[in-house]
Every structure is written in C-alpha cells, then in structure tokens.
Amino acid sequence: MPSALLREYKVLDEELSEIVANLRVLGGDISDVEVKQSQRELPKTIRETLSAFANTHGGVLILGLSESTTFSATGVRDASKLSNDLASLCSTDMEPALRPLIRVHDFEGVKIIVAEVPELDPAQRPCFYKGAGMTKGSFVRVGDGDRRLSSYEVQIMLSSRGQPREDEQAISGTGLQLLDPIALESFIARLRTNRPHAFADLDRDHLLRRARILVAGHDGTENLSLAALLALGSYPQEYFPQLMISFVHYPSVTGQPSATGTRFLDNLTVEGPIPIMVRDALAVIRRNMSRRAVIGGAGREDVWEYPETALREAVVNALVHRDLSSAARGTQIQIEMYPDRLTIRSPGGLFGPVTIDNLTDEGISSARNATLMRMLEDVPLPGETRTVCENRGSGIRAMVSALRAAGMSPPQFDDRVSSFTVTIPNHALLNEEVVRWIESLGEEGFSGSQCIALAMLRNREILDNRSYRSATGVDSRVATAELGDLVARELVTQTGSRRWAQYELSQRGHRPPSGEAPASTRSDRRPQLLDALGDETLSRAELARSTGLTDQTVRRWLSIMRDEGTVELIGSSPRSSTARYRRTRQGSLFSPAEPG
C-alpha cells in the first residue's frame, strides 16, 4: 500500500480511538456522533440518523459499539456486507442520495464500521427516507438524538433552496394610501440621493416599481408589496394581525406567577411598521429595565441593565429576518423578560450559509427577506438619522461587541429550523467580586479574553472552542492557545479532545476557603518535575506519566524552568517529540519558597 494511504489510514484510526475515548468519558452519544450496536444487519433507525446528520451539520455513524455497556467494542460479523448494505441504503433509500465516506476499522480486536455523513447544502434539503415520504421521513439532530421535522419545518427547508420572495408578494386590495406619506417621500428622496445610478432619473411611478413598493398581482393590478407595507405602512397589522411583537415581563426566572399571584409585571403588544415597532419595543424594554451606576473617570454614570446597541440589533434582526411565508404569518415575535435574562424569539431559523458556528464571523451574512432588508437600508428609525438596517450583515457582531464592552455575558443563540432565539443573560461578567477572585488565583499574564472565559466558567458554564470565540471575539487559533494555557495553569480541566474538547473550572480554579494559602502557591510543579528528572534525561511525555500532570501543565512548567535555568533542553526544539530534558546544576540546588 502506498505510504500516503498508510498515513491516511493511521490518522483515521487515531481519530476513531479519540472519538470512542471521548464517548466513554462523556458517557453518551454527542450531537455529531451516533453509535449503533448492529452486529449482523442495519437497524431501522439508521435512516433517521442519516437524514438528521445530512439536514443538520453532518456527523459520524459508528456500527459495532454498544452504548449500553459503556461503548465497548462488540464489532460486526460481516463488515464487508454491512458496509455495502449501508452504502446501498444511502444511495437508493435516501433522497437526495447520500455519499458518506464508509470505512472498516480494526478496533480493539473487532471490526468497526465508521461512516462520515456530510452536511447537505441548504439547496438540497431536506434529506429524507423515501419509504416514509418527505414529511414523515425528514429528521434533524437535536442534542444526541434524532427528531422528526414538522411539516412547517420541511416547508422552511424547501424555501431555503432558493431566495424566498414572500416579501415581494403583492397584497391584494392595497395601494399607496396605506403608506405613511412622510415616510414614503423621505424614502424616495434617499433613493434618489444615495443610489442615483438606479433611481435618480426615474419618474415617481417607475421608481416605486423598481424599488418593489408597487408590484403586480395575479390579476395584473398594482398593489403594495408585503415589504412596502411592513417598512412604510401606516398599520400593517390591519392585513396581518400577527406580524407584530408581544412583550411579557415575568416576575420569576421560570415564568411562573410570583408568591402574590402576579403573572406578569408587564404585558404589551407592539404594532405598526417595522421602524415604529423597533422604537416601541426598545421603549417597553427600557421601561422594564433597571439602571445601574458605573463609576468612571468622569464620575458617576447611570446605564441601562442591557446595552442599547445590543437590544436594538437583536430586535431589528428578529423583525427583518423572520419568516414571512403564509405558514408563519400567524406567529408573532416574542420578547420575554425574566429577572436573569431577556429572550427574543422569531419564526424561521437561520437562512442560507449562516450557522450558529459562523454567526459572528465577519463577511458571513444571508438575507431571507432580501427586498425588505434593502428597503429598510433607506428607512430611518423614528427621530433618528440612522436607518433601520444601517450596517448590513454586522448586526450580530455589533450585539456581541456591545455586550462584551459592557462586561456582560455573550448572547446565547438557538436555531431550531422553525425559530431562532437570542437570549441575553442579565449579569455583568467582570464585576468587582469576579475581578477580586481572578486576582486571588495568584496568576499573572491573563489576556482580556481569558478573564472573560474564567468569569463564564465561574458561573458554572462549560466552554468549547466555538463558545470561547463567540464570547471573546478571538479566532480559533487564539482560542485553542488560550484555553490550553488555562489548562496548563491547572485552572481549567479539559474533557475530550480536538473538536469534542470541552472545558470547565477545575478544583484549583474555585476560590480557596478563607485563611488558606492562595491557590497559586499550592500548585508550584517545579519540585515534582525536578524530582521526577533526578539524574535522568526524560521526554515531556515521560514526565507527564511519572508525575500524573497533563501535557499542557508539564510543557508550561518546563518552559518556566528553562527560562530560570533549572532545566535544559536536549534537542533542537521543545516541540519535537524526541526532545528531552535534564536538570542543570542550578536545578539540583533549587529550593522553592515555602507556601504562605
């Protein structure tokens, strides 16, 4: 076999070992890995998993492991036949046909089949099992299980195969008299000024047609488009009562009535065109918010509980990107305020190439309602010079940045195909107590993003590379390095590895009880490493095994000790797997300071 193929198979075997090790540590399936025992034939539920992986973010299917016995390797009887059966099922029973990468591995003395199922392009979804039909045979991955799509969710996926045009639909029986005349004239003037090539030389009627204010209906008569009614109408809810916002302020974190029986602290319906709904939604949120004092160089300043920019971007995104198809017009946008969070939920999940993973990346944007969004770029917010959609494609990043600047937790996003939810936690991350706690750790050289991560972990959150990036704004490479540094400092423990790695606060990371020595003086690893070295020359891996420390921690302390001159490197680079270390004369005389 060519050496390149040998290397490829070696990597795949290593990845399989890593996946199974992670499953055994976590004690169950994870979102992108599904295990089936299936020794002789394919289980019927495999069709659901294939559909779910293809309709979500792809995944790995493993045949020959038993989840009921802590993912022990039970193997398959006839690996060649089962692999062919799986390939045949993917190509003939699934629509569209799937082409997973299927390989047979020798693993712990048995044959294991691993199929890597790719994510389908949105233009091809939903993938479904032909025998059940599109509605009953389409699934998505939720957590570690497969969930059947509703008929509405199937419709959403079908509409995402191209550019939806619901916002350009002609609304029968409507005309210019239903638009706010002042807003309309302002809109026309802005088009002529800001987009002269397309609009400056057109007469008024042609301009309104090109801007999709007026569109032809099925009977050939001109009517308002849905986009025009929502952007410039006097009262769009006369035609679409549920294209509005409902606001509820609950007295408890669970949404249950208070001890006195109060169900809602405030309950309001927000109506009107989109610019008015943005203004009024922000006003009602502000009315229900508390103020907090911030002491700065200019003295005392009162600020709102939630940053204005974050609120505005969240509300605008919900209104502009909501699903406007007929199946969703009976569903309103919901804003729910709780003592510990603010939630904004809109019908219709993320559209096009945008995913939770790349939502905050620069240059990633996709508009479900492209005509409405373009229109709102030239419609100002009431009483302001800025337009509703001032910076196209940057709303989510602006929201995250505003919360980060305010020292608050990042927003949490939930994409459910049929809905998209933004939750903004109501607490400051880096308050005085948290800053004192970070200082009590006795460590130096934390980056700002590491401080944010430590604060989140202290709130009992679990981070991975994606959530670290989302919270801090750093790229994947920096996130990996900074998380690894926190692990090396023994402040954070890592579960799983590579893309399955998760991080939580270690025992050392918790505040030491009053009267005890600071955590940092109890974690000086120099004596252990010097003792392990003795008169020998050892590699980093050998030192990790002999001391029981993680590779990250050993690497960190060896770097510190090399700078101090207590150990020396035997080899060309500390990154080399053959690099070895030995004590220096100074290391033999080393005596660390006593704790306390």
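Sequential numbering from 1 along the given sequence is applied to the chain's residues. It should be emphasised that the depicted structure is a prediction, and the values quoted were computed from it without experimental measurement.
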Checklist outcome for this item: On a heavy-atom basis, the closest approach of L86 and A115 is CD2-CB, 3.7 Å

Checklist entry - Of all residues at least two apart in sequence or in a different chain, which pass the side-chain hydrogen bond (donor to acceptor under 3.5 Å, both in side chains) check with Y468? => result E482

Checklist entry - Is the backbone N or O of E461 less than 3.5 Å from a side-chain atom of N459, with the two atoms forming a donor-acceptor pair by type? => result no

Checklist entry - What's the shortest heavy-atom distance between F413 and I356, and which atoms? => result CB-CD1, 3.4 Å

Next on the checklist: If the threshold is 4.0 Å, N to carboxylate O, is there a salt bridge linking D475 and R469?
Outcome noted: no

Checklist entry - Quick one: do the N465 and T480 side chains pair a donor with an acceptor below 3.5 Å? => result yes

Checklist entry - Salt bridge check: are R99 and E116 linked by an N-O gap of less than 4.0 Å? => result no

Checklist outcome for this item: CZ of F351 to OG of S160, rounded to nearest 0.5 Å, is 5.0 Å

Item to check | Distance-minimising heavy-atom pair for M375 and A231 | outcome: SD-CB, 4.0 Å

Next on the checklist: Run the side-chain contact (heavy atoms from CB on, under 4.5 Å) test on L65 and I112 for me, step by step, so that the C-alpha distance in whole Å, both residues' side-chain angles and the decisive distance to 0.1 Å come before the verdict.
Outcome noted: CA-CA 8 Å; L65 292 180; I112 296 288; 4.0 Å; yes

Item to check | E168 and T371 side chains, donor-acceptor separation under 3.5 Å | outcome: yes

Checklist entry - Does the Q334 side chain pair with the main chain of I245, one donor and one acceptor, at a distance under 3.5 Å? => result no

Checklist entry - Under 3.5 Å, is there a donor-acceptor pair between the T92 and K130 side chains? => result no

Checklist entry - So, Q237 side chain and V270 main chain: donor-acceptor pair closer than 3.5 Å or not? => result no

Next on the checklist: Under the criterion side-chain contact (heavy atoms from CB on, under 4.5 Å), I'd like the reasoning laid out for T343 against T421: C-alpha separation, chi angles, the key distance, then a yes or no.
Outcome noted: CA-CA 7 Å; T343 296; T421 304; 3.3 Å; yes

Item to check | Carboxylate-amine/guanidinium proximity below 4.0 Å for D167 and R165 | outcome: no

Checklist entry - Out of curiosity, D280 CG to L268 CG, how far, rounded to the nearest 0.5 Å? => result 8.0 Å

Checklist entry - Does D266 pair with R287 as a salt bridge, N-O distance under 4.0 Å? => result yes

Which atom pairs, one a donor and one an acceptor, fall under 3.5 Å between side chains of residues 169-179 and the rest of the protein, sequence neighbours left out?
from: Q169; atom 1: OE1; to: R329; atom 2: NH1; distance (Å): 3.3
from: Q169; atom 1: OE1; to: R329; atom 2: NH2; distance (Å): 2.5
from: T174; atom 1: OG1; to: I171; atom 2: O; distance (Å): 2.6
from: T174; atom 1: OG1; to: L224; atom 2: N; distance (Å): 3.0

Checklist entry - Do you see a donor-acceptor pair shorter than 3.5 Å between the side chains of S88 and N84? => result no

Checklist outcome for this item: Correct closest heavy-atom pair for G349 and F420 would be CA-CB, 4.3 Å

Checklist entry - By side-chain hydrogen bond (donor to acceptor under 3.5 Å, both in side chains), which residues pair with S470, not counting sequence neighbours? => result none

Checklist entry - Who pairs with T269 by side-chain hydrogen bond (donor to acceptor under 3.5 Å, both in side chains), at least two apart in sequence or on another chain? => result none

Checklist entry - Would you say the side-chain atoms of R416 pair up with the backbone N or O of G348, donor to acceptor, closer than 3.5 Å? => result no

Checklist entry - Taking the side chain from R345 and the backbone from S419, do they hold a donor-acceptor pair closer than 3.5 Å? => result no

Checklist entry - Counting only N and O atoms by type, is there a donor-acceptor contact under 3.5 Å from the side chain of S51 to the main-chain atoms of F139? => result yes

Checklist entry - Could you go step by step and tell me if R147 and E153 meet the side-chain contact (heavy atoms from CB on, under 4.5 Å) rule? => result CA-CA 11 Å; R147 179 179 65 79; E153 289 171 324; 3.0 Å; yes

Item to check | P339 backbone acceptor or donor facing N426 side chain under 3.5 Å | outcome: yes

Item to check | S91 side, atom OG; L98 side, atom CG - distance, nearest 0.5 Å | outcome: 9.0 Å

Next on the checklist: A cation-pi test, strictly: NZ or CZ of R47 under 6.0 Å from the centre of the six-membered ring of Y129 and no more than 45 degrees from its axis. Yes or no?
Outcome noted: yes

Next on the checklist: Looking at A471, is its backbone amide N or carbonyl O close enough to the side chain of R404 to form a donor-acceptor pair, meaning the two atoms are under 3.5 Å apart?
Outcome noted: yes

Next on the checklist: Could you check whether any side-chain heavy atom of P251 comes within less than 4.5 Å of a side-chain heavy atom of Y338, counting everything from C-beta outward?
Outcome noted: no

Next on the checklist: Rounded to the nearest 0.5 Å, what separates atom CG in D378 from atom CG in L376?
Outcome noted: 9.5 Å

Checklist entry - Which value, rounded to the nearest 0.5 Å, describes the distance between L149 atom CG and T135 atom OG1? => result 9.5 Å

Checklist entry - Is there side-chain contact between E34 and R141, with at least one heavy-atom pair below 4.5 Å? => result yes

Next on the checklist: Within the structure provided, determine whether P425 and Q412 are in side-chain contact (heavy-atom separation under 4.5 Å).
Outcome noted: yes

Next on the checklist: The test is side chain to side chain donor-acceptor pair (under 3.5 Å); show your working for Q242 and Q332 and say whether it passes.
Outcome noted: CA-CA 5 Å; Q242 290 297 94; Q332 75 270 30; 3.0 Å; yes

Checklist entry - Can you find a pair of side-chain heavy atoms, one from V284 and one from R286, that are under 4.5 Å apart? => result no

Checklist entry - T385: what forms a side-chain hydrogen bond (donor to acceptor under 3.5 Å, both in side chains) with it, not counting sequence neighbours? => result none

Checklist outcome for this item: Closest heavy-atom pair, P126 versus M157, reported as atoms and distance to 0.1 Å, is CB-SD, 3.6 Å

Checklist entry - Got a second to check how far L319's CG is from S346's OG, nearest 0.5 Å? => result 8.5 Å

Next on the checklist: Are the side chains of L158 and M134 in contact, using a 4.5 Å heavy-atom criterion?
Outcome noted: yes

Checklist entry - Just by modelled atom types, is the N55 backbone N or O under 3.5 Å from a matching donor or acceptor in the E119 side chain? => result no

Checklist entry - Quick one: are L372 and L226 in side-chain contact, heavy atoms under 4.5 Å? => result no

Item to check | NZ/NE/NH1/NH2 to OD/OE distance under 4.0 Å, R209 and E222 | outcome: yes

Item to check | Crowding at CD, E308 (>12 non-hydrogen neighbours, <6.0 Å) | outcome: yes

Checklist entry - Between D146 and T49, does any side-chain donor sit less than 3.5 Å from a side-chain acceptor? => result yes

Checklist entry - Heavy-atom distance under 4.5 Å between the side chains of R125 and R161, does that happen here? => result no

Item to check | side chain to side chain contact (heavy atoms under 4.5 Å, CB included) involving R279 - partner list, sequence neighbours excluded | outcome: I276, P382

Checklist entry - Would you say the side chains of D464 and S467 form a donor-acceptor pair under 3.5 Å? => result yes

Item to check | Donor-acceptor under 3.5 Å (S252 side chain, Q256 main chain) | outcome: yes

Item to check | Side chains of L324 and L230 in contact at under 4.5 Å (non-hydrogen atoms) | outcome: yes

Checklist entry - Is the shortest distance from a Lys or Arg side-chain nitrogen in R322 or E166 to a carboxylate oxygen in the other one below 4.0 Å? => result no

Next on the checklist: Ignoring hydrogens, what is the shortest heavy-atom contact between R212 and A228? Give both atom names and the distance.
Outcome noted: O-CB, 4.4 Å

Item to check | Residues L381, T387; criterion side-chain contact (heavy atoms from CB on, under 4.5 Å); working and verdict | outcome: CA-CA 5 Å; L381 289 165; T387 59; over 6 Å; no

